[in-house]
Amino acid sequence: MAQPSWREYRPGQRFPGVIGRTTDESSQAWPQPVRAGAGAPNVLFIVFDDTGFGQLGCYGSPIGTPNLDALAAGGLLYSNMHTTALCSPSRSCIITGRNHHANGMAAITELATGYPGYNGQIPFENGFLSEMLLQHGYNTYMVGKWHLMPSEQESAAGPYDRWPLGRGFERFYGFLGGDTSQWYPDLVYDNHQVEPPATPEEGYHLTEDLVERAMSFIADAKQVAPDKPFFLNLCLGATHAPHHVPKEWADRYRGRFDDGWDAYREQTFARQKQLGVVPSDAQLSPRDPDVPAWESLSAEARRLAARMMEVYAGFLSHADHHLGRLLAFLKETGAFDNTLIMVVSDNGASAEGGVTGTTNEMQFFNNAPESLEESLERIDALGGPTTFNHYPWGWTWAGNTPFRRWKRETYRGGVSDPFLVHWPDGIRARGEVRDQFAHIIDMVPTVLDVLGIEAPATIRGVTQSPLHGVSFAHTFDDADAASRHRTQYYEMLGHRAIDHAGWRAVCPWPGPSFEEAERPFGTPITMADLDDLDAHHWELYHVDEDIAETKNLAQEHRSKLIEMIALWYVEAGKYNVMPIDGSVLQRIMTERPQITENRTGYTFRSGTQAVPAAVAPRLLNRPHSVTADVEIPPGGAEGVLLCQGTNAGGWSLYVKDNHLHYAHNFVQRALHHVVSGESLPEGRHALRFEFEPTGAPDITHGKGAPGRAQLYIDGRLVGQSDMPVTTPIAINPGGMACGANPGSAVTPDYRAPFPFTGTLHSVTVDLSGDLIVDAESEMRMHMARQ
């Protein structure tokens with residue numbers, strides 16, 4: 001190929017060409033494009049959500065994951081990888097190589113508070129791997145779950161500097177929050193909301209969509225620059241709730257879990273020993289005090305729990321199937337062998353389904369669990385578009401075999417996770433197990449190590465902080481190599497632990513050391529509590545010999561325990577862990593700074609993007625009004641004026657059959673409905689809904705404020721109803737939408753999106769508490785109801 005007739009120079013260098021008075025006495029030179037080194041590998045992170053240590057086939061599970069098993073067989077399986085116990089914190093570690101409190105990610109972004117380690121704002125001095133690899137000629141793609149910025153920054157008002165495209169990713173397709181429906185996801189494409197390309201009835205499922213989009217991003221660039229490497233961060237919604245999957249996938253497991261979670265643990269543990277995932281002399285952790293024995297359940301409770309696990313297993317197998325399509329695509333394009341693949345879960349299996357499981361996880365977050373009888377009525381719908389289901393925590397405990405406890409807690413069941421590495425061109429070993437201690441903050445340093453790249457001193461002019469992790473690349477072809485990561489602290493919602501040189505200290509909060517009535521989950525920690533915890537409740541395990549934390553050596557090795565506690569405080573001081581905060585509900589209810597402060601009025605317009613819950617008007621448990629300025633054409637109109645939420649819970653103000661309606665979906669436990677007593681007249685009118693609390697909320701028992709719902713046309717009371725209970729804490733997923741109901745319908749009274757067919761000028765939400773007082777109209781309504 002002919003050499004170009006110009007020279008190249010790097011930015012900042014002196015122009016090496018010649019500049020004369022005209023081009024015939026001048027010579028060109030061009031700024032050098034950023035190019036990756038010859039043969040640079042692609043990098044693919046596959047991040048599962050809430051997938052436990054004992055839930056992949058290659059980790060001993062009976063759940064079929066043949067494509068992940070093939071990666072393990074052709075690469076390396078790590079048996080001693082650790083996370084933070086919760087999703088946003090772990091994801092921040094995976095992408096920055098720094099500890100989660102140093103990233104401002106002490107917990108999920110919805111629980112952010114006003115302390116440096118807790119504010120949910122990853123500092124720009126903690127650069128992302130995407131930002132680092134951009135400097136070395138990589139394409140960078142983010143597909144799937146983000147959950148790495150303050151919830152109040154997820155709206156169209158931004159700011160956008162912490163969205164994926166603001167943190168070094170060139171393309172993004174996925175969802176910004178912690179979870180979403182797999183059938184009706186809250187999708188964002190680059191920097192704007194989009195609707196799914198199809199409906200569940202047309203065969204849509206989020207996992208398939210994400211994999212399709214990932215392949216298209218890669219193909220788009222490869223047809224132009226086939227040798228340009230990519231970094232793809234593929235973060236599936238699987239296997240976080242809702243456990244959504246086509247019925248045929250769940251039915252593949254029918255009857256497979258009828259023996260229950262006790263049997264699952266024993267069988268999985270035996271297979272783990274056969275596979276070398278755990279030592280042959282390992283002991284299985286004892287029964288968890290919160291998990292009932294399978295045989296103690298009624299026949300109906302066992303039937304429900306078994307079906308919930310069948311749905312989960314189908315969900316995981318379905319995800320593995322579509323990952324197989326991505327891997328086949330990489331093989332077809334010739335990219336597979338030179339792609340460094342790392343597969344990890346963000347924390348242990350989740351217990352957010354409670355002891356009985358739930359058909360709607362929003363009941364868990366609103367302290368409003370359904371009864372067994374209510375769940376059984378919906379057993380055939382589990383996994384489908386009308387549910388938001390999650391299995392019982394007996395399956396959580398089993399899914400973390402052989403470890404104790406689960407997500408949110410820093411026992412190994414919460415922080416020990418599956419981790420696979422596959423790179424045929426770069427790793428000679430095949431199908432081997434690595435047992436060196438590692439933590440997800442080590443992933444970025446390992447990638448940089450194998451690429452021969454130094455962590456940058458600056459990114460976009462911002463001086464970078466040191467990486468906290470260390471590379472484990474030296475273990476790729478040396479099973480006996482010593483781990484270089486010797487000390488790692490943990491803190492999650494007040495639950496603390498530390499690993500150091502084969503020893504492990506754990507201090508639960510509240511955990512199994514406390515009675516639930518004495519210290520319920522989410523209780524704030526006082527100084528007196530902390531003093532008591534440090535004096536009496538730390539546990540000590542020699543995990544080099546006791547991987548499942550079965551023998552508490554706190555009394556026998558008191559000096560070692562004191563050393564470990566002191567070391568925890570040293571590490572906590574380094575990484576912004578203080579103040580220790582065990583609260584949950586208080587953090588959820590905390591009001592955080594908004595772009596516009598002290599608002600009592602909000603105006604919405606049809607055709608705009610949905611407004612996320614964190615920045616939408618906070619209507620729950622307070623008086624409020626919603627007023628729509630509409631024009632009703634001759635012949636009437638129909639459609640949604642304003643709504644918030646999904647079929648998992650929410651509310652909607654809408655017009656149907658030429659009447660004004662309001663529906664409140666109380667987390668699928670009850671549907672409260674009020675309709676106007678007269679039809680809507682033609683012309684321009686003010687259609688108004690008011691809510692006036694008639695009592696106080698009982699959040700502890702999952703009950704929002706009762707109240708009176710009233711409908712008005714041009715200030716005249718035309719309908720009212722008393723609502724005995726409303727949603728107490730949160731309406732999520734689904735934002736507040738004007739002029740239509742995107743996603744699933746809040747109420748079965750209409751079919752989404754049900755756009756308004758009249759003219760909708762605006763909708764105003766008023767939180768000032770100023771409600772219409774019209775005694776005469778109220779008297780007429782009372783008389784009409786007699």
Side-chain angles (χ1 to χ4, degrees), residues 50 55 62-64 179 181-184 200-201 205-207 237-264 291-319 349-399 646-649 665-671 702 733 744-745 747-748:
D50 291 0
Q55 290 183 322
I63 300 173
D179 64 9
S181 169
Q182 303 290 300
W183 301 112
Y184 298 103
E201 294 77 15
H205 190 279
L206 179 60
T207 301
T239 52
H240 195 289
H243 299 160
H244 280 163
V245 70
K247 185 175 183 294
E248 60 268 23
W249 284 87
D251 287 348
R252 295 182 182 191
Y253 289 95
R254 191 169 291 280
R256 294 277 296 277
F257 303 106
D258 289 355
D259 288 344
W261 40 69
D262 299 278
Y264 180 108
V291 176
W294 182 256
E295 293 305 319
S296 72
L297 303 180
S298 68
E300 289 295 86
R302 291 198 299 269
R303 181 167 72 93
L304 176 66
R307 182 55 180 173
M308 287 181 163
M309 186 57 185
E310 291 166 8
V311 171
Y312 175 88
F315 189 23
L316 179 54
S317 289
H318 178 262
S350 168
E352 288 157 6
V355 66
T356 61
T358 179
T359 65
N360 182 1
E361 190 190 31
M362 292 313 299
Q363 296 170 359
F364 172 85
F365 292 114
N366 281 283
N367 294 332
E370 63 195 357
S371 67
L372 173 63
E373 291 72 23
E374 289 172 312
S375 294
L376 283 168
E377 290 177 0
R378 306 185 69 201
I379 189 170
D380 292 334
L382 288 171
T386 63
T387 64
F388 213 84
N389 48 297
H390 192 302
Y391 57 22
W393 60 30
W395 293 120
T396 312
W397 174 61
T646 67
N647 63 8
N665 179 344
F666 172 52
V667 294
Q668 297 183 335
R669 298 289 311 280
L671 183 67
S744 59
T747 169

Checklist entry - Looking at Val311 and Ala250, what are the two nearest heavy atoms and their distance? => result CA-CB, 3.8 Å
Checklist entry - Distance-only, no hydrogens or angles: does the Trp395 side chain make a donor-acceptor pair with backbone N or O of Gly357 under 3.5 Å? => result no
Next on the checklist: With rounding to the nearest 0.5 angstrom, report the CZ to CE distance, Phe666 to Met362.
Outcome noted: 11.0 Å
Next on the checklist: Nearest 0.5 angstrom please: Phe388 CZ to Phe365 CZ, how far?
Outcome noted: 8.5 Å
Next on the checklist: Restricting to non-hydrogen atoms, name the atom on Ala238 and the atom on Ala319 that form the minimum distance, rounded to 0.1 Å.
Outcome noted: CB-CB, 3.8 Å
Checklist entry - For the side chain of Ser744 and the backbone of Asn647, is there at least one donor-acceptor N/O pair under 3.5 Å apart? => result yes
Checklist entry - What about the rings of Trp261 and Trp393, do their centers lie closer together than 6.0 Å? => result no
Checklist entry - For the residue pair Tyr391 and His243, does the interplanar ring angle fall in the parallel (under 30°), tilted (30 to 60°) or perpendicular (over 60°) class? => result perpendicular
Item to check | Working for side-chain contact (heavy atoms from CB on, under 4.5 Å), residues Leu382 and Lys247 | outcome: CA-CA 9 Å; Leu382 288 171; Lys247 185 175 183 294; over 6 Å; no
Item to check | Distance-only side-chain donor-acceptor flag, Glu370 / Thr359, under 3.5 Å | outcome: yes
Next on the checklist: For a quick check under 3.5 Å, do Thr239 and Tyr312 share a side-chain donor-acceptor pair by atom type?
Outcome noted: yes
Checklist entry - In Å and rounded to the nearest 0.5 Å, what is the CD to CG distance from Gln55 to Leu316? => result 7.0 Å
Checklist entry - Where the side chain of Asn360 meets the backbone of Ala648, is there a donor-acceptor pair that is under 3.5 Å apart? => result yes
Checklist entry - Looking at the rings of His318 and His205, which for Trp means the six-membered one, are their centres under 6.0 Å apart? => result yes
Next on the checklist: Has Gln668 got a side-chain atom pairing as donor or acceptor with Thr386's backbone, closer than 3.5 angstrom?
Outcome noted: yes
Checklist entry - Are any of the side-chain heavy atoms of Pro292 and Leu297 separated by less than 4.5 Å? => result yes
Checklist entry - How long is the gap from CG on Asn389 to OG on Ser375, to the nearest 0.5 Å? => result 10.0 Å
Checklist entry - OG of Ser371 to CG of Leu376: how many Å apart, nearest 0.5 Å? => result 8.5 Å
Next on the checklist: Within the 4.5 Å heavy-atom criterion, are Thr207 and Gln182 side-chain neighbours or not?
Outcome noted: yes
Item to check | Heavy-atom closest pair, residues Ala368 and Gly702 | outcome: CB-O, 3.7 Å
Next on the checklist: Between Ser350 and His390, do the side chains contain a donor N or O and an acceptor N or O under 3.5 Å apart?
Outcome noted: yes
Checklist entry - Under 3.5 Å, side chain of Arg256 to main-chain N/O of Pro62, donor-acceptor pair present? => result yes
Checklist entry - Looking at Tyr253 and Ser317, what are the two nearest heavy atoms and their distance? => result OH-OG, 2.5 Å
Checklist entry - Would you say Ser296's side chain and Ala293's backbone share a donor-acceptor pair under 3.5 angstrom? => result yes
Checklist entry - Are side-chain heavy atoms of Leu372 and Thr356 found at a separation under 4.5 Å? => result no
Checklist entry - Going by an N to O cut-off under 4.0 Å, is there a salt bridge joining Arg307 and Asp251? => result yes
Checklist entry - Would you call His240 and Glu361 a side-chain contact if the rule is heavy atoms closer than 4.5 Å? => result yes
Item to check | Rounded distance (nearest 0.5 Å) linking atom CG of Leu304 with atom CD of Glu377 | outcome: 11.5 Å
Checklist entry - Are Arg669 and Glu374 close enough for a salt bridge, meaning some N to O gap below 4.0 Å? => result yes
Checklist entry - Side chains of Thr387 and His244: closer than 4.5 Å at any heavy-atom pair? => result yes
Item to check | Heavy-atom closest contact (Leu206 atom, Ser181 atom, distance) | outcome: CD2-O, 4.4 Å
Next on the checklist: Is the shortest side-chain heavy-atom distance between Tyr184 and Pro200 below 4.5 Å?
Outcome noted: yes
Next on the checklist: Can you confirm whether Met309 sits close enough to Tyr264 that some side-chain heavy atom of one is under 4.5 Å from a side-chain heavy atom of the other?
Outcome noted: yes
Checklist entry - Where is the tightest heavy-atom contact between Trp397 and Val291, given as atom of each residue plus distance? => result CE3-CG1, 3.7 Å
Checklist entry - With no hydrogens and no angle check, is any side-chain donor or acceptor of Trp183 less than 3.5 Å from a backbone partner on Gly383? => result yes
